[in-house]
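Reckoned from all heavy atoms, side chains included, excluding hydrogens, waters and symmetry mates. Keep in mind that this is a model prediction, so the values were computed, not measured.
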Amino acid sequence: MAFYYSEPSRTFSEYLLIPGFTGEDCIPDNVSLRTPLVKYRKGQEECPINLNIPMVSAIMQAVSNDTLAVALAKEGGLSFIFGSQSIESEAEMVRRVKNNKAGFVVSVSNLTPDHCLNDVLALKEKYGFSTIAITDDATPNGKLLGLVTSRDYRVSRMTGEEKVSTFMTPREKLVTAPAATTLKEANDIIWDNKLNALPIVDEDDHLMYFVFRKDYDQHKEHPLSLQDEEKRYMVGAGINSRDYAQRIPALLEAGADVLCIDSSEGYSVWQKKVIDYVRENYGDSVKIGAGNVVDREGFRYLAECGADFVKVGIGGGSICITRETKGIGRGQATALIEVAAARDEYFEETGIYVPICSDGGIVHDYHMTLALAMGADFLMLGRYFARFDESPTAKLLVNGQYVKEYWGEGSNRARNWQRYDLGGKTGLAFEEGVDSYVAYAGSLQDNVAKSLYKVKSTMCNCGSLTIPEFQKKAKLTVVSSTSIVEGGYHDVTLRSTAGKE
């Protein structure tokens, strides 16, 4: 006879936090959201990789490319570059993130002297950057021949067909700095010479990086940026259980700091095979997460296989229809509570703390706080990040509202069949995701700051200054359907909508 759970599986919206005592020092500015990303012997050693904010971006085509990865790393989180692309293109995305040292920017907009003004304007429209490097081959690391900025041309007095060579600032008039220049030295050169951009070149005069005047203030604004020992932004990468033996070496060579198996259901022998490959070839030097699971048994299996962290959640994503098409999954809150208990039990037995990642089910900002209270060490977010300027999808005007495209990895658009691989035949037999739009929300930096301020404020309401303290002190209550209605505005007419059709 089948096993039946006595309690229903619940979602985040069915819970509320009960306030605790708030002391004088318990203010949002004093809250630390630092959290472990990978397993370690808690109480005996430092975690090898910590996040400065408990956010990672989902392994999705519509979410995690190199642009979003840099933006999220600046805020203290980590992106997992999507793996449903060729090995070469994923590795190149990783490489582009790692080429961004803090303050040293690899040039994205590049042309040759033979291009024309229309090409300059097209690049400016595409990337939004006014500084364009002119190299001998139009690559980021070609021989530097000049620069073009908005001060070098006037669109109203030009046809657009003028060659770049006729209006660029040539190499001999540029102030540059050698490869060994430190960020402090570069900023001093910028200020001394009243520059907006300083090219960093190697001994053969090939362009390496730019240091921008505007970034000086931005770096002061990003004290939590997630960097490796060489001051490069950290980045993760998604892999699958099919071509991992070819994909993993390429991603590591490109500089990936951590890997994650991208699978809709992780309690399987296929995940063990991938982890075994990593341990046999790289030992513990390579960090790899696994999942997804929704119960104690799934967590124990992956922890014992050697996973560095475990993702929790099946079917809770906003574009996921796995529960509808296959009838498997579990309410995200219930799944997270059980797996968090299993993690703590495993730690008591082994002394090894395996962080868990809540993946899916986050609709409102307060759901983030609930997930952390329920035991999540960090959160994986897809829809949340897809809304921002830095995500890779198109911004469109639909019915008078700006939106961003957003599709699931199990949709016909993505066709990421490896994510749903059960062995045997290849290809996507049926859809487990949809193709959709999400409301455009602006920049990542502004939205993350606002969301995390809410998290910190709620933690203070519960008398907590760190995530571990919050998880110990949090008191949660199940709410009825009636009290959920009571929690929003009711029995009033909003002034903003009064009189509108």
Side-chain angles (χ1 to χ4, degrees), residues 2-7 9-10 35-45 47-49 54 56 59 239-241 244 258-280 283-284 286-316 322 326 328-361 371-380 419-423 467-468 471-472:
F3 175 80
Y4 291 87
Y5 285 90
S6 58
E7 293 290 326
S9 66
R10 299 187 182 277
T35 190
L37 176 67
V38 296
K39 69 182 180 183
Y40 67 111
R41 293 192 173 274
K42 191 175 181 180
Q44 301 179 44
E45 63 182 8
C47 180
I49 305 176
V56 300
I59 309 169
I239 59 173
N240 62 65
S241 57
Y244 57 89
V258 60
L259 307 173
C260 185
I261 306 171
D262 182 26
S263 175
S264 65
E265 200 278 300
Y267 190 7
S268 76
V269 68
W270 310 113
Q271 300 237 337
K272 183 179 187 303
K273 289 178 179 291
V274 178
I275 297 170
D276 285 348
Y277 167 85
V278 169
R279 298 296 174 239
E280 289 168 7
D284 291 327
V286 170
K287 308 303 180 184
I288 179 170
N292 288 20
V293 300
V294 292
D295 63 1
R296 176 186 181 278
E297 288 77 11
F299 171 84
R300 293 285 304 208
Y301 178 78
L302 293 178
E304 290 167 0
C305 286
D308 285 291
F309 65 84
V310 175
K311 288 200 297 165
V312 181
I314 294 177
T322 294
K326 296 173 72 173
I328 66 166
R330 200 175 193 186
Q332 187 66 10
T334 299
L336 187 55
I337 290 168
E338 180 172 324
V339 173
R343 174 205 57 203
D344 294 344
E345 177 186 274
Y346 186 78
F347 169 64
E348 291 298 323
E349 292 177 13
T350 65
I352 299 173
Y353 187 88
V354 181
I356 58 174
C357 168
S358 180
D359 179 16
L372 295 172
M374 291 172 181
D377 294 284
F378 57 97
L379 319 171
M380 179 169 277
R419 188 176 196 275
Y420 303 88
D421 182 29
L422 295 173
I467 291 174
Q471 291 168 346
K472 289 178 181 178

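- The structure places CG of L336 at 9.5 Å from SG of C357, a figure rounded to the nearest 0.5 Å.
- Atom-to-atom distance recorded for N292:CG and I314:CD1 is 6.5 Å, nearest 0.5 angstrom.
- A search for side-chain contact (heavy atoms from CB on, under 4.5 Å) contacts involving Y4 returns M1, A2, not counting sequence neighbours.
- Partners of A335 according to the side-chain contact (heavy atoms from CB on, under 4.5 Å) rule, which considers only residues two or more places apart in sequence or in another chain, are V294, V312, R330.
- Sorted by first and then second residue, the pairs that involve residues 287-300 and meet salt bridge (Lys or Arg N to Asp or Glu O under 4.0 Å), not counting sequence neighbours, are R296-E345, R300-E304, R300-E345, R300-E349.
- Scored by the side-chain contact (heavy atoms from CB on, under 4.5 Å) test, C47 finds P36, V38, Y40, N50 as partners (sequence neighbours excluded).
- Residues satisfying the side-chain contact (heavy atoms from CB on, under 4.5 Å) criterion with E348, sequence neighbours excluded, are absent altogether.
- Proximity of V269 to Y301: side-chain heavy atoms (C-beta onward) are separated by under 4.5 Å at one or more points.
- V293 and V310 make their closest contact through CG2-CG1, 3.6 Å (heavy atoms, listed as atom of the first residue, atom of the second, distance).
- Every residue two or more places apart in sequence or in another chain was checked for a ring-ring contact (aromatic ring centres under 6.0 Å, His included) with Y346, and none qualifies.
- Side-chain contact check for S358 versus M380: every heavy-atom pair is 4.5 Å or farther apart.
- Partner of I356 under the side chain to side chain contact (heavy atoms under 4.5 Å, CB included) criterion, chosen from F378, F299, F309: F299.
- Looking at every heavy atom in both residues, K311 comes nearest to D359 through NZ-OD2, 3.3 Å.
- To the nearest 0.5 Å, atoms CD1 (I352) and CZ (R343) are separated by 14.5 Å.
- When side chains are defined from C-beta on, I239 counts as touching I288, because their heavy atoms get closer than 4.5 Å.
- Shown here are the side chain to side chain donor-acceptor pair (under 3.5 Å) partners of D308, two or more places apart in sequence or in another chain: R279.
- Every residue two or more places apart in sequence or in another chain that forms a side chain to side chain donor-acceptor pair (under 3.5 Å) with R10 is listed here: E14.
- When every heavy atom of A290 is checked against every heavy atom of I275, the shortest pair comes out as CB-CD1, 4.1 Å.
- For the side chain to side chain donor-acceptor pair (under 3.5 Å) test, no residue two or more places apart in sequence or in another chain qualifies with Q271.
- Looking at residues two or more places apart in sequence or on another chain, you find a side chain to side chain donor-acceptor pair (under 3.5 Å) between D276 and K272.
- Contact annotation: the side chain of I467 never approaches that of D377 to less than 4.5 Å [non-hydrogen atoms, C-beta and beyond].
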